[in-house]
Asker: 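Sharing a structure below in structure tokens format, with a few things to ask.
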Amino acid sequence: HTPEATANLNDGVVYLRELAKSDLDRTLDWMSRSEIRTAIRIRGPATRESQEAWFERLQKTRDKVVYAICLTEDHQHVGNLSLDQIDPDDRNARFSIFIADEGARERGIGSRAMRLLMLDAFHNRGLAKIWCKTTAENQKVLDFYTKLGFQVEGNLRHHECIDGKFVDKILLGLLSTEWQDGPSTR
């Protein structure tokens, strides 16, 4: 990704920048919180060494990018957003998002960050589709994605085992043709 491509990932309130090694202490702190570990399916303990090894792998891969979600006002890093399983042939990618800073939740920061990700995915990268999966019981998250235009594409029954209990996962997708030309129109 070029600096020019990421320069447009700013809506005046929120901006996305590629995750930096200097962010690892903060993300390690976030990964120690059980609700975040469960939400993004981190297994095993999060250690400084595991974070550094993950970051080194991230620097070498071409099918994943992780963005820091930052507030324009004070440059505070409040969460992460990623595209992974980026498939240049089929032109699709999976995404994930979390707002770790509790003070940044319920303020539209996640929606703003997602609109910037859509801009990156569809305009900058030329993807035809982005998709995700979420726990079927999490209506708040399902409402978040459908408000952004995502369509339910399927139900994966007993797809993951969380805390010893099997849960269904809902697949959601958004096509570039369904995206309304940018972050300011939804």
Side-chain angles (χ1 to χ4, degrees), residues 1-7 9-11 13-88 93-121 124-125 127 130-135 137-138 140-141 144-145 159-167 169:
H1 231 188
T2 65
E4 299 79 32
T6 55
L9 301 180
N10 184 336
D11 72 359
V13 175
V14 172
Y15 67 91
L16 305 181
R17 63 166 173 78
E18 288 197 32
L19 195 71
K21 193 165 189 169
S22 59
D23 296 318
L24 293 184
D25 285 337
R26 183 177 311 99
T27 60
L28 178 60
D29 179 56
W30 293 343
M31 295 305 134
S32 68
R33 294 174 24 202
S34 64
E35 80 274 9
I36 291 176
R37 293 174 60 76
T38 299
I40 63 173
R41 303 287 295 147
I42 299 293
R43 295 180 177 131
T47 65
R48 179 75 171 150
E49 294 76 24
S50 67
Q51 282 283 284
E52 287 179 358
W54 170 81
F55 188 77
E56 291 305 314
R57 286 190 308 275
L58 178 63
Q59 301 310 300
K60 296 175 185 170
T61 186
R62 299 181 78 69
D63 72 344
K64 182 172 185 165
V65 62
V66 178
Y67 292 114
I69 303 168
C70 301
L71 304 179
T72 304
E73 178 180 69
D74 58 6
H75 305 288
Q76 181 184 358
H77 175 196
V78 297
N80 289 347
L81 183 59
S82 69
L83 280 176
D84 71 350
Q85 298 181 27
I86 300 170
D87 186 327
R94 180 177 68 173
F95 73 89
S96 64
I97 181 174
F98 69 90
I99 304 296
D101 185 308
E102 293 178 17
R105 294 180 185 163
E106 304 299 327
R107 294 178 35 204
I109 303 300
S111 296
R112 288 176 170 277
M114 281 300 303
R115 289 183 189 107
L116 292 170
L117 180 75
M118 292 174 204
L119 176 68
D120 183 47
N124 296 345
R125 296 176 182 274
L127 296 179
I130 56 175
W131 63 275
C132 71
K133 61 182 179 173
T134 191
T135 304
E137 296 172 358
N138 195 337
K140 187 175 183 179
V141 171
F144 170 75
Y145 290 133
H159 192 69
E160 292 178 2
C161 187
I162 299 175
D163 296 329
K165 178 184 171 200
F166 283 102
V167 297
K169 296 298 248 185

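Every heavy atom of this structure was used, including side-chain atoms; hydrogens, water molecules and symmetry mates were not. One is the number of the first residue; the rest follow in order along the sequence.
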Asker: Give a yes or no answer on whether the side chain of Thr72 reaches the backbone of Val13 with a donor-acceptor pair at less than 3.5 Å.
Answerer: yes
Asker: Could you grab the distance from atom CD of Gln51 to atom CG of Leu58, nearest 0.5 Å is fine?
Answerer: 10.5 Å
Asker: Do you know which two heavy atoms are closest between Trp30 and Gly79, and how far apart they sit?
Answerer: CH2-N, 3.5 Å
Asker: Hey, could you give me the CG/CD1 distance between Leu127 and Ile86, rounded to the nearest 0.5 Å?
Answerer: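 It comes to 7.0 Å.
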Asker: Would you call Thr27 and Phe55 a side-chain contact if the rule is heavy atoms closer than 4.5 Å?
Answerer: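 Side-chain contact under 4.5 Å: no.
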Asker: Looking at every non-hydrogen atom in both residues, tell me the closest pair between Phe166 and Cys161 and how far apart they are.
Answerer: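 Heavy atoms only, the tightest pair is CE2-CB, 4.0 Å.
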Asker: Locate the shortest heavy-atom distance separating Ile99 from Ala104; write the atom from each residue and the value.
Answerer: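 Heavy-atom minimum between the residues: CG2-CB, 3.8 Å.
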Asker: Decide yes or no on side chain to side chain contact (heavy atoms under 4.5 Å, CB included) for Val78 and Arg107, but give the supporting numbers first.
Answerer: CA-CA 12 Å; Val78 297; Arg107 294 178 35 204; over 6 Å; no
Asker: To the nearest 0.5 Å, what is the distance between OG (Ser50) and CG (Leu24)?
Answerer: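 Output value for this atom pair is 10.0 Å.
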Asker: Output the distance between atom CG (Asp120) and atom CZ (Arg125), rounded to the nearest 0.5 Å.
Answerer: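 One finds 4.5 Å between CG of Asp120 and CZ of Arg125.
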Asker: Are more than 12 heavy atoms, taken from residues, nucleotides or ligands other than Arg62, located less than 6.0 Å from that residue's CZ atom?
Answerer: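 Check fails, neighbour count at 12 or below.
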Asker: Could you walk me through whether Asn124 and Leu9 satisfy the side chain to side chain contact (heavy atoms under 4.5 Å, CB included) test, starting with their C-alpha distance in whole Å, then the side-chain angles of each, then the deciding distance to 0.1 Å, before giving a yes or no?
Answerer: CA-CA 10 Å; Asn124 296 345; Leu9 301 180; 4.1 Å; yes
Asker: Is the side chain of Asp29 donor-acceptor paired with the backbone N or O of Arg26 at a distance under 3.5 Å, no angle test?
Answerer: no
Asker: Whether Lys60 and Glu56 form a salt bridge (side-chain N of Lys/Arg under 4.0 Å from carboxylate O of Asp/Glu) is what I want to check.
Answerer: no
Asker: If you look at every heavy atom in Ala113 and Ile97, which pair is closest and at what distance?
Answerer: CB-CD1, 4.3 Å
Asker: Can a side-chain donor-acceptor contact be found between Lys169 and Thr135 if the only test is distance below 3.5 angstrom?
Answerer: yes
Asker: In Å, rounded to the nearest 0.5 Å, how long is the span from CG of Leu16 to CE of Met114?
Answerer: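 Nearest 0.5 Å value for the CG-CE distance: 10.0 Å.
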Asker: Distance from Ile69 atom CD1 to Leu19 atom CG, nearest 0.5 Å?
Answerer: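 Taking CD1 in Ile69 and CG in Leu19, the distance rounds to 10.5 Å.
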Asker: Kindly give the heavy-atom pair with the smallest separation between Arg112 and Asp11, and that separation in Å.
Answerer: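 Closest approach of Arg112 to Asp11, heavy atoms only: NH1-OD2, 2.7 Å.
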Asker: So, using side chain to side chain contact (heavy atoms under 4.5 Å, CB included) as the criterion, who are the partners of Cys70 when residues are at least two apart?
Answerer: Tyr15, Arg17, Ala68, His77
Asker: Step through it carefully: locate the ring centre of Tyr67, locate the ring centre of Phe95, and say whether they are under 6.0 Å apart.
Answerer: no
Asker: Could you list the residues that satisfy salt bridge (Lys or Arg N to Asp or Glu O under 4.0 Å) with Lys140, not counting sequence neighbours?
Answerer: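 Partners of Lys140 under the salt bridge (Lys or Arg N to Asp or Glu O under 4.0 Å) test: Glu106.
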